[in-house]
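Below is one structure, written out as structure tokens; comments come after it.
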Amino acid sequence: MGVHRDHRGHGYGKAITVAAAAALRELGSSSAIVCTPSSNAGAVATYQSAGFQPLPERRDLYRDA
């Protein structure tokens, strides 16, 4: 989900997120999870305003090449 920079701050991201969750519910889903870096403050705020609750932060696993 993304909103163009010129249209941020008007509630469009929240509306898109809520609509997507509603569509998933209509398709039979009982839950939804979103994942974004905690450093992406705009995304975190959008998802929280849409009703998602933050979980403890998890670090990505990786191997050295």
Side-chain angles (χ1 to χ4, degrees):
M1 189 283 298
V3 176
H4 188 275
R5 176 183 332 258
D6 294 343
H7 302 286
R8 292 181 186 157
H10 301 285
Y12 301 132
K14 176 183 176 181
I16 292 167
T17 303
V18 169
L24 287 171
R25 179 174 286 146
E26 288 178 18
L27 293 170
S29 178
S30 62
S31 65
I33 297 173
V34 295
C35 182
T36 192
S38 59
S39 60
N40 188 341
V44 171
T46 297
Y47 293 134
Q48 285 182 317
S49 72
F52 287 90
Q53 298 176 356
L55 297 174
E57 190 169 322
R58 286 196 247 175
R59 304 290 298 188
D60 287 338
L61 298 177
Y62 68 93
R63 287 187 216 180
D64 293 327

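What you see below is based on every heavy atom in this structure, not just the backbone, and it leaves out hydrogens, waters and symmetry mates. Computed from a predicted structure; not experimentally measured.
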Can you list everything that forms a side chain to side chain contact (heavy atoms under 4.5 Å, CB included) with H10? Sequence neighbours excluded, please.
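Scan of H10 (side chain to side chain contact (heavy atoms under 4.5 Å, CB included), adjacent residues dropped) gives Y12.
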Result block: side-chain N/O donor-acceptor pairs under 3.5 angstrom for residues 28-36, not counting sequence neighbours:
residue: S29; atom: OG; partner: S31; partner atom: N; Å: 3.3
residue: S29; atom: OG; partner: S31; partner atom: O; Å: 2.6

Which atoms form the tightest heavy-atom contact between S38 and E57, and what is the distance?
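Here S38 and E57 meet closest at OG-OE1, 3.0 Å.
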Minimum heavy-atom separation for P54 and Q48, please, with both atom names.
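Distance-wise, the nearest heavy atoms are CG-NE2, 3.1 Å.
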Identify the residue among I16, V3, T17 that makes a side chain to side chain contact (heavy atoms under 4.5 Å, CB included) with T46.
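The single option meeting the side chain to side chain contact (heavy atoms under 4.5 Å, CB included) with T46 is T17.
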Scan for ring-ring contact (aromatic ring centres under 6.0 Å, His included) pairs involving residues 26-65, sequence neighbours excluded, and state none if there are none.
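Qualifying pairs: none.
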Within 6.0 Å of CZ in R25, more than 12 heavy atoms from elsewhere
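No, because the 6.0 Å sphere around CZ of R25 holds 12 heavy atoms or fewer from other groups.
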